[in-house]
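Heads up, the thing below is written out as structure tokens.
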Amino acid sequence: MCSLKCCSLRALFLLLLCRSMQIPEAEGNSEILPPTIQKIIKGYNKYLRPFFDNGPVSVGMSMDIASIDTISEINMDYTATIFLRQRWTDERLCFDGNKSLSLDGRLVEMLWVPDTFIVDSKKSFLHDVTVENRLIRIYPNGTVLYAIRVTTTVACSMDLTKYPMDKQTCTLQLESWGYNINDVTFYWTRGNDSVRGLDTLRLAQYTVEDHFTSVAEAVYETGRYPKLVFHFELKRNILYFILETYVPSILLVVLSWVSFWISQSSVPARICIGVTTVLTMTTLMMGARTSLPNANCFIKAIDVYLGICFSFIFGALLEYAVTHFCTLHQVSSKELPKIIDDDDDEEKNGVLAAVTNSCSAPDNTNETDSNKSKQTSTDRKRERSQHSVCSSAMSVMRRLFCIFDCFHVKNPYHIDNYARFSFPLSFMIINVLYWVYYLYF
């Protein structure tokens with residue numbers, strides 16, 4: 001027991017001796033530190049903002065867009081890497097001299113910094129390879145420059161009704177989380193030139209057409225907070241979609257027209273072309289929707305065009321079905337059509353004669369009655385009304401017969417001749433209307 005007590009006493013003595021030797025060393029190191037660093041370590045309170053009793057702190061901001069990695073239509077967001085720089089003045093950090101003082105980024109934990117956050121951010125992270133990508137620089141007048149490198153995924157509301165000829169306007173909004181406008185104010189340091197990097201940025205499917213900055217206020221239940229907004233407009237490059245979707249769909253429509261020049265007796269050939277083009281168009285429509293949201297609220301321009309192409313291809317298949325049906329029911333004899341036509345004419349004449357007789361019968365009775373007695377004025381009016389009704393009924397019957405004659409196909413081989421002209425012409429007209437509407441309206 002005595003030996004254990006002796007060992008513990010020796011260990012405690014050695015520990016006290018080491019601490020007594022380290023205290024002068026630390027005091028000596030603190031004496032050679034610059035005055036600003038001593039002030040940060042000893043007399044600085046990072047929990048109080050600058051100008052705590054003398055109005056709000058003005059924080060100026062600027063950004064460099066390093067890259068826009070992805071723009072997702074499915075999730076309606078974009079991922080960007082930015083260099084965010086913030087400047088403010090802290091009167092507690094003034095020091096004598098004419099040169100700025102660059103500090104290690106880890107000293108940020110000892111200073112007050114604005115509680116800036118990205119409003120519509122879904123996820124963000126600060127780069128930390130090889131160390132945390134932070135920069136802090138203090139100027140003699142107390143101005144602090146604080147810069148960080150952040151990758152963030154930000155929500156962007158998109159209108160896809162004109163996809164792929166659409167333009168999207170996305171924003172990057174910066175706000176203060178806890179300090180309202182009475183404590184902190186935000187401003188862009190150089191106006192619209194505060195954001196750089198977009199002019200040299202190259203995106204896969206988009207071109208940056210315009211960008212600008214604005215200053216606003218965010219109003220919540222807890223108060224009014226400073227807010228900076230960066231707007232940028234993206235225009236989609238349509239060349240990829242022309243080569244990937246539009247040209248193949250046009251070629252499929254033209255391929256479906258080949259059946260108009262194939263003999264009607266070649267049933268397997270025409271059916272094969274029709275069914276193959278319909279199935280291929282269906283596959284193309286499904287492939288065009290893989291990179292788009294599955295919401296039904298958007299009827300996109302590409303959906304309209306694919307629907308038009310599918311309608312023409314399906315119409316070409318139906319055209320052959322109608323032509324083949326009429327060919328099977330065509331009478332091969334040359335005399336029977338004449339007999340049928342004569343019978344039709346006789347039937348038409350019979351119907352017209354029946355209508356005429358029904359109208360003239362009252363006239364004969366009226367004539368016999370006139371020999372016996374004179375007609376009154378009311379009887380004459382009744383005759384005139386009967387004549388007008390009969391004449392109108394005869395005109396309606398004639399028009400119906402004309403309409404039936406128009407739908408009567410005397411030669412089914414003429415259907416292909418009409419289709420060779422009507423299908424391409426109507427497809428060209430619809431294409432002109434489609435492109436004019438979606439490009440200029």
Side-chain angles (χ1 to χ4, degrees), residues 49-51 55-69 71 77-90 93 100 102 105 108 111-121 124-127 132-139 141-157 167-181 183-203 206-219 224-235:
R49 65 175 178 84
F51 307 102
V57 182
S58 297
V59 180
M61 296 196 185
S62 61
M63 289 190 301
D64 278 350
I65 307 296
S67 65
I68 297 180
D69 303 325
I71 301 175
D77 56 27
Y78 67 91
T79 302
T81 299
I82 61 174
F83 296 93
L84 177 62
R85 291 180 292 271
Q86 304 178 77
R87 292 175 181 268
W88 68 93
T89 301
D90 192 342
L93 299 180
S100 61
S102 297
V108 174
L111 301 179
W112 178 91
V113 294
D115 56 349
T116 308
F117 75 101
I118 301 174
V119 178
D120 297 326
S121 177
S124 303
F125 64 91
L126 179 67
H127 291 263
E132 288 188 350
N133 294 173
R134 293 181 177 182
L135 180 147
I136 184 165
R137 186 173 297 164
I138 303 176
Y139 294 86
N141 61 351
T143 300
V144 181
L145 171 63
Y146 177 50
I148 56 175
R149 179 178 174 230
V150 180
T151 295
T152 179
T153 300
V154 185
C156 178
S157 179
K167 295 181 180 180
Q168 306 297 338
T169 300
C170 297
T171 60
L172 181 64
Q173 305 179 32
L174 302 173
E175 289 183 15
S176 175
W177 176 255
Y179 295 105
N180 56 27
I181 58 176
D183 299 322
V184 174
T185 59
F186 287 170
Y187 68 94
W188 294 106
T189 56
R190 294 184 298 273
N192 289 335
D193 295 333
S194 300
V195 182
R196 298 178 179 177
L198 287 178
D199 297 333
T200 59
L201 203 61
R202 295 294 179 265
L203 303 177
Y206 290 91
T207 301
V208 181
E209 282 200 334
D210 190 20
H211 60 88
F212 60 94
T213 59
S214 63
V215 181
E217 291 182 1
V219 181
R224 305 167 67 91
Y225 297 87
K227 179 178 181 179
L228 297 180
V229 185
F230 171 61
H231 311 260
F232 58 98
E233 185 175 302
L234 301 172
K235 181 180 179 181

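In this view, Ser157 satisfies the side-chain contact (heavy atoms from CB on, under 4.5 Å) rule with no residue, not counting sequence neighbours. A search for ring-ring contact (aromatic ring centres under 6.0 Å, His included) contacts involving Phe212 returns His231, not counting sequence neighbours. Partners of Leu198 under the side-chain contact (heavy atoms from CB on, under 4.5 Å) rule, at least two apart in sequence or in another chain, are Ile65, Ile68, Leu201, Val208, His211, Phe230, Phe232. When the side-chain contact (heavy atoms from CB on, under 4.5 Å) test is applied to Thr79, the partners found at least two apart in sequence or on another chain are Asp69, Thr70, Thr151, Thr153. Arg134 is linked by a side-chain contact (heavy atoms from CB on, under 4.5 Å) to Val108, Glu109, Leu126, Glu132, Tyr146, Ile148, counting only residues two or more places apart in sequence or in another chain. For Arg224, the side chain to side chain donor-acceptor pair (under 3.5 Å) partners at least two apart in sequence or on another chain are Glu217.
In terms of heavy atoms, Ala155 sits closest to Asp77 at CA-CB, 3.9 Å. Nearest heavy-atom pair across Thr171 and Tyr78 is O-OH, 2.9 Å. Taking both residues in full, the closest heavy atoms of Pro226 and Val184 are given as CG-O, 3.4 Å, listed atom of the first, atom of the second, then distance. Closest approach of Trp112 and Trp88 over heavy atoms only: O-CZ2, 3.2 Å. Thr213 and Gly191 get closest at one heavy-atom pair: OG1-O, 3.2 Å. Ser176 and Asp115 get closest at one heavy-atom pair: OG-OD1, 2.8 Å.
Here the side chains of Arg87 and Tyr139 are in contact, with some heavy-atom distance below 4.5 Å. Under the 4.5 Å side-chain criterion, counting only non-hydrogen atoms from C-beta, Ser194 is not in contact with Met63. Asn141 is not listed as a side-chain neighbour of Thr89, based on a closest heavy-atom distance of 4.5 Å or more. The shortest side-chain heavy-atom distance between Asp183 and Val57 does not fall under the 4.5 Å cut-off.
Each of Ile181, Thr185, Asn180 was checked for a side chain to side chain contact (heavy atoms under 4.5 Å, CB included) with Pro56, and the lone residue meeting it is Thr185.
A salt bridge does not link Arg49 with Asp90: every distance from a Lys NZ or Arg NE/NH1/NH2 to an Asp or Glu carboxylate oxygen is 4.0 Å or more.
Within 6.0 Å of CZ in Arg196 there are 12 or fewer heavy atoms belonging to other residues, nucleotides or ligands. Within 6.0 Å of NZ on Lys227 lie more than 12 heavy atoms contributed by other residues, nucleotides or ligands.
Note that OG1 of Thr116 and CD of Gln86 are 3.5 Å apart. Values are rounded to the nearest 0.5 Å.
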